[in-house]
Structure formats: C-alpha cells, structure tokens
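These notes are about the structure you will find just below.
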Amino acid sequence: MGISTVQVRVTGLIQGVGFRPFVYRIALRHRLTGWVRNTNENVLIRISGKPSSIKGFIDSLRKEAPPAASIEDIISEEASTENFPSFEILESHDISEDVTEISPDIAVCDECLRDISMDGNRLDYSFVNCTNCGPRFTIIRDLPYDRPGTTMAGFPMCGECRKEYETITDRRFHAQPVACNTCGPQYELHRRIAPLYAPGNKKTGQDKARLPLEHIRSQPVSREIKSILEQVSGIIDGGGIIAMKGLGGMHLACDAFNKIAVARLRELKNREAKPFAIMFRDLQSAGEYTEISEAEKASLSSWRRPIVLLKVNERGNSPSLAKNLNSGLNLLGIMLPYMPFHYQLFCKLKTMAIVLTSGNFSNEPIIIDNAEALEKFLPLTDAVLLHDRDIFNRTDDSVVRVIAGKERVFRRSRGYAPSPVRTILDTEGIIAFGAELSNTFCAGRGRKAFLSQHIGDLKGLETTLFYEQTLERFTRLFRVKPSLLAADLHPDYISTRTAVGFGTDNLISIQHHHAHIASCMAENKLDEQVIGVAFDGTGYGDDGHTWGSEFLVCGLEGYHREAHLEYLPLPGGDTASEEPWRMAVSWLFRVYGKDFAKLSLPMFKRVKKKDAEMLVKMINRKVNCPLTCGAGRYFDAVASLLGLCQLASFPAEGPMLLESMTVSKCRERYDWSGFPVISLDAALKGMIDDLEKGTSASIIISKFHNTISSVIFETVKRISRKEGLVKVVLSGGVFQNKYLFERTESLLKKSGFEVFSHSAIPANDGGISLGQLAVAAKKRRSCV
C-alpha cells in the first residue's frame, strides 16, 4: 500500500499542556513523518505514512491526550503526497486573527515531585515544572504561548535547561516556564523584627502608632531555599503568620490548629467570621477531619486543585482544628498542595494543615506586586515570602462543591480560567460585563465564550481597576473586536456604567434573572423555551423592584415572568442584606402587625424592640423601604428569627448557617399559598408555632427548606400544565444550597421533568456574564 499525506487540525485546550511533544511521540510510534506546529488558531499537523498508520495516529490523538488537554475537534483532510525525512516540531506561527485556547495553571505533576525529592539535584527546585504542569495563564502576556510572551522571558535558560527544552523526547521539551535552581526564579524571605509600633506618649496621651515601612527594621533577606523552608516552617509552627507569594497572588498562612494565630489573622484581614480555606498536607490528613466522597477526592486531587467544600466529620480528632476557622458551619474549605514549594514546606512543617487565605484586605483584589506586598504585609505579619517571577494575570483559588454527585464551581479562577465555554451560538465580538457582585465578564470569539477569572465585588476602587485592567487584557489577548455589548439592567452597577463608557452605542441591557437562566442554558447548550427558576438575593426587576424568586417561561431571546414570592419591604435597602433582623421584622410585621413585638422569639435576645419599632415606622412611612421578593432575603429572615444571625459578617452567612443545621430525615414542611404571587406567611406562622412548642431549630430549618422545595416543585408543575414544557433550568446562588438543590431536583426528576443546572459555571452571579453573552448573541442572530 502506498504512502498518503494528511493535514490534521486540532482545536481545543491544546497549548501549554504538552500536546506537541505528545503528538511527536505518537507519530514516531506509528512510524509517521511530517511536522506539528502551534498556531494562534489550533495545532496544525501534517503527516505522511501508511493509511492504516495515519488512522491509528488520529485515534491515539483523541484517546491518549495529556490529562490537562481538552480536544474540541479533529479535522483531517488529504493533502498532496510529501516525503518527509523525519517528524519534527516547528516554531509557532500566527495564521489569522483567530485565537487558540490558553491553558489554566496546572498543579505540579507526580514526575516533577519525584524530581524535587532527590536532594541536591538541580531540579530539587521550588519552581520545577514540565510540559504537563506548572504556571500557564498567570504568566502569559500574549499568544501564541511561547516563552517570550510570558513573564519567564527575563530568565534565560542555562545550558542544561536549554538542552531539555530542545530535546523532543524530554518531558520538558518546549515547556515554556522550564527552569532550575541555576537559572530560574528564586524565593526571598523578608523577616520583620521589632519595633512594629512607635511608643505612646503618656504626657500627651498619644497612643502607640504603627510605624511606616521605612522605619520597621528587618533581618537580612534570605535567599537560600533550605534556610527559607526552615524559617517559614518555624514561623508557622510557632504560631506566627506569613505572607507568601503563590501562583496567582499573595496568600496569608498560619497553623490551622492554632486558634490564637487564626484570631490574629482575622484581625489582620478585618475578617470577623468568614470561613478560611485550609491546605492539608495530603488526602489522608484531610480525611481525618472531613468526610470525603469519591467525587470529592477526584476534585481535591485533580490537576486543577480547587478548594473543595467538605462536611466536617464528627469523630473528635486530636489535635482539633481551631474552632474559629469556619464560624460554626459544618463545612470546611479544603485544598491540597499544588506548587512544588507547598510540598517542600510540608516536609518541614510539624502541623498537617495550614490556613491559606487570599493575600488581600476586605473588598480589594489579591495582591500580586512584590513592593506592594512588602509595604502592606511586612508591618502586619512575621515575614513576607516573595519570588521574582512576575504574575501577569492574578487568580484566586477556585472553590467547588460536590452536589448531587457532580462538581459544582462556586468561584471560577485558578485551574479553570480562562478555558472557554463552548456555545451553540456565534458570540463573535460580544463583550458581556457581568454583575455587581462576584463579578466576571465574558468575551466572545466564534462559538467560544471566554469567561474571565473571578474578579469579585465591584465595590472598591482597587477591584474596579482590576476589572478594567483584566477586561482590556482579555480583549487584546483573545483579539476581540467589540461589536456588541451586554450589561445588567441596573443602571447604577459599575459593570453597567463601564459598558456604557466602553466606546460603542451597540449596548443591550439584560434583566438579571433572565441572564441567570440563560447562563445555565448556554452551559447546557440549550436554545428553546424552558421553565426557568432563578432564586437568589437580589436583581433589578422590570417593575423597578428587587427580584430574586423568579419563575420564568423563557428562551434566550426573551422571557415572561410567571410567578414569584410575595414582595416584602426591605427596611434600609441594601443594609438589610447585612442585617438579617431587618427582614425578620418586616415579615413579622406584615403577618402579625405590631403584635409581633409580644412574641417570645430567640431574635429578641439580640434585637432591641425599640429598634424593631423604628423599622416599623420606616415601613409605615415607606422611608428607604424598597420592595423585594428575593428568596435569599427570606432565608435571612429565618436565620434571624431563630437567633442564628442578626448581623451578617459575610455574604449569605445566615442562609449558610441554616443549611448547616438541616437534617436529611425530616420530610415535613409548612403551608404556603398563592399563584402567581406566592405567600409564605403560613410558613412563618408554622415556624412561630413550632418555636412555642419547643421544636428544635434543626427541624424548623429543615421544614422551611422543604417548604421552599415544595414551592418550586408545585409552581413548576402548574406552569408546565399551562405551557406544555418539561425542561426546567435552575440557577441563582440559592441553588448552591446542597440540601435545597438535591431535594428540589429529586422532586422534579421523579415527576418526569428534565432538570438542567450549573456545573462548570457558577450558579451565583459569577455566571451572569455568560448568560448576558448568550442573550446578546441570540438577539443579534434574530435581527439578521
């Protein structure tokens, strides 16, 4: 049989994941000649050989791809016969304005860990990496993904690294961040020594004051890695706090078993109660303190290495973790080491777990600049650990939870961004600006939606600047030429104002909850009429009120609001989301009138009745009392009624406390009524009756959850009978509640509904931008 030549185009996440060396190896195995090269669109391959060998090669491409690769398509076509002397890897080449995908950062692989376990080896190195692991998105400046376009450009390779980089059969062949302890980035440790404060003056009554950085004496900078590891482990084991530069930004670390250190860290970050993430030494150690299913093990150990929310076990292990880690919740955010340095550090640490929280302050993005890190953290911590590899794209640790057997992304950043979502619509040139809270934005190229990393709440100047900077970088990196903009309907959101000022008049405003449903539809590749259920805390509605318990009949292009929970006054506006007792008073007043003050309720142990009476006056006079039907606000009210949360220290604290107290054996629920306006007033009366009977809080909470599941199930059934629809889409932050989601999904599926939910994209406002993009794409297509 003669020789054939075939050209193969491979698209997907295939750059920066060791794909070309993989292609080279299987080409040799199938005895083929030709070449492979990266382009800015794809990986292009030309091969010559026996047709049977070519077929085997293409089969191997799909079946044996590297773990972090994600092949979207393989297109092969006959070419003019060529006789190549060998198979080779050619230099990267731009062929159009199209773009290929960029790999997220990948946790250090087992082979590189074996390298650093060999003491004295040049690869016993804190930044060791290969084609299968290491930094990617955080260091890339431009495409194609080659070393000159990364922050590794300033580190010329030594002879041995150059040889590995150029040897096709080597694991480090064309690994762009490749380096060793001779030629690569290095750590340096800055330790503070007294004084931290200027002394007070008794005569003038002046208190002691924190000294500026230039007046704080520090020890000589340490740059020898063994000394650094000894010092850092000593600081942490000794109850100290250290700021450490990681892959995507700074972290703050302390011993997770030391409650004094954790308390000091809370004071440093001004973070009163929000749970801290914990890094355990290994899976076995994490299993001693949490319950871990097989699906959760897979998430913890994946190359993405997210923070996984796990249920605390009840075995009473010794030593016990600090009680002030998770504010009384039954969940812990756990992750495993993902950088070589993490593994090196745990070899020296006595503790098996450290707090590893983002290196920032409230409402600010994670710090990435060395000088800023020193200025802000050296006066507050015991040491600052930096390295000299610049971070170009900051990323937080991603957060996931396994619900109904599937990994659900809550915060999409390191390890996940900027991998695109593949859509069924042409998104070319569309930019969607996202929501105000948990912001991400989304940029469209072809049928790919490039969702940004987690930006955060657009409240402070620093986060807004991060948002604008990242928006500019994404449009340049992915060569987006904006032709259509999509933003939230709320006119005062920073994201909306950014869209208005972006330089094009072609702007579509999209209702918040329609975008929620559209986001889930886009993730699940739906383009048809569905029943959408969007439950969250807030979103600007068409009627000018705050929505958040929406039953919609909708497609991507439009929607009709079928039902919602009854509106309640929101005394104090946005303040009510931070002070759940306000919603409790509002609801009680509607149901009981002023007599609610006579009820003996747990909330009145913390809430003064005169303050409640003040709110009643505000409600009666309609002073700063916008109307809301947000499901999250009803959860807030229940948390307050039961005395669990009157002032929220972090978003959704009340609802999270409620979920942590649910009991799976409870099947009872409370009454409710109404359609299309759904009243939960009977449920409130049932809860008050149960409190008077002495029913346990966990049963009351479980019955309330079951009531909400019943509301969703029965309302969906009613809409289905009317509209003849059986596909149900669930979205919004309330569906991150595991108990509620699993109960609701089970009810719907048992009745024959086809239920669609989020997995790879957050159900919370972090997924809004994808929905905005999908709606804009559909509207544009309909106008053609």
Separation between [atom1] of [X] and [atom2] of [Y], rounded to the nearest 0.5 Å:
| X | Y | atom1 | atom2 | value |
| --- | --- | --- | --- | --- |
| Thr496 | Glu436 | OG1 | CD | 7.5 Å |
| Ile700 | Met661 | CD1 | CE | 9.5 Å |
| Ile366 | Asp396 | CD1 | CG | 5.0 Å |
| Glu550 | Ser731 | CD | OG | 12.0 Å |
| Leu641 | Leu588 | CG | CG | 5.0 Å |
| Phe704 | Tyr634 | CZ | OH | 9.0 Å |

If you take all heavy atoms of [X] and [Y], which pair is closest and at what distance?
| X | Y | value |
| --- | --- | --- |
| Gly456 | Thr463 | C-CG2, 4.4 Å |
| Ala518 | Val775 | CB-CG2, 3.5 Å |
| Pro655 | Gly632 | CG-O, 4.3 Å |
| Leu507 | Ala486 | CD1-N, 4.1 Å |
| Gly405 | Ala295 | O-CB, 4.2 Å |
| Leu526 | Leu556 | O-CD1, 3.8 Å |

What orientation do [X] and [Y] show, parallel under 30°, tilted 30 to 60°, or perpendicular over 60°?
| X | Y | answer |
| --- | --- | --- |
| Tyr540 | His490 | tilted |
| His516 | His513 | tilted |
| Phe441 | Tyr467 | perpendicular |

Are the side chains of [Y] and [X] in contact, using a 4.5 Å heavy-atom criterion?
| X | Y | answer |
| --- | --- | --- |
| Val728 | Ile712 | no |
| Glu562 | Lys722 | yes |
| Ile708 | Leu680 | yes |
| Val399 | His454 | no |
| Gln529 | Val553 | yes |
| Leu770 | Thr440 | no |
| Thr744 | Phe713 | no |
| Glu528 | Val530 | yes |

Keeping the roles fixed (side chain from [X], backbone from [Y]), state whether a donor-acceptor pair exists under 3.5 Å.
| X | Y | result |
| --- | --- | --- |
| Arg414 | Arg304 | yes |
| Ser549 | Leu565 | yes |
| Asn393 | Phe137 | yes |
| Asp671 | Ala683 | no |
| Lys779 | Glu557 | yes |
| Glu523 | Val421 | no |
| Ser757 | Leu730 | no |
| Arg447 | Gly444 | no |
| Gln736 | Val734 | no |
| Arg445 | Arg479 | yes |

Quick one, Arg781 with Asp426, criterion side chain to side chain contact (heavy atoms under 4.5 Å, CB included). Give me CA distance, side-chain angles, the key distance, then yes/no.
CA-CA 8 Å; Arg781 189 171 76 177; Asp426 177 18; over 6 Å; no

For the residue pair [X] and [Y], confirm or rule out a side-chain donor-acceptor distance under 3.5 Å.
| X | Y | result |
| --- | --- | --- |
| Asn524 | His758 | no |
| Ser398 | Ser413 | no |
| Gln511 | Asp542 | no |
| Arg633 | Thr546 | no |

Considering residues, nucleotides and ligands other than Asp574, do more than 12 of their heavy atoms fall under 6.0 Å from its CG?
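12 or below, so no.
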
Quick check on Lys685: does its NZ atom have over 12 non-hydrogen neighbours (other residues, nucleotides or ligands) under 6.0 Å away?
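Atom NZ in Lys685 is not packed in, count stays at 12 or less.
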
Are Asp527 and Lys778 within salt-bridge range, i.e. N to O under 4.0 Å?
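Looking at Lys778 together with Asp527, the answer is yes, because their closest N to O distance falls below 4.0 Å.
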
Apply salt bridge (charged side-chain N to carboxylate O under 4.0 Å, His left out) to Lys738 and Glu296, showing your working.
CA-CA 14 Å; Lys738 178 180 170 72; Glu296 289 163 340; 5.7 Å; no

Which residues pass the side-chain hydrogen bond (donor to acceptor under 3.5 Å, both in side chains) test with Tyr567, not counting sequence neighbours?
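side-chain hydrogen bond (donor to acceptor under 3.5 Å, both in side chains) list for Tyr567, sorted by chain: Asp543, Trp547, Arg561.
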
For Asn706, which residues count as a side-chain hydrogen bond (donor to acceptor under 3.5 Å, both in side chains) partner, sequence neighbours excluded?
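Partners of Asn706 under the side-chain hydrogen bond (donor to acceptor under 3.5 Å, both in side chains) test: Tyr739, Arg743.
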
Would the [X] and [Y] ring centres measure less than 6.0 Å apart?
| X | Y | result |
| --- | --- | --- |
| Tyr493 | Phe433 | no |
| Phe474 | Phe450 | no |
| Phe551 | Tyr559 | no |

Quick one, Cys442 with Ile431, criterion side chain to side chain contact (heavy atoms under 4.5 Å, CB included). Give me CA distance, side-chain angles, the key distance, then yes/no.
CA-CA 6 Å; Cys442 198; Ile431 298 178; over 6 Å; no

Could you go step by step and tell me if Ser769 and Leu451 meet the side chain to side chain contact (heavy atoms under 4.5 Å, CB included) rule?
CA-CA 8 Å; Ser769 60; Leu451 200 68; 3.0 Å; yes

Let's go through Asp536 and Asp765 carefully: what are the C-alpha distance in whole Å and the side-chain angles of both, what is the deciding distance for side chain to side chain contact (heavy atoms under 4.5 Å, CB included) to 0.1 Å, and is it a yes or a no?
CA-CA 9 Å; Asp536 63 2; Asp765 283 5; 4.2 Å; yes

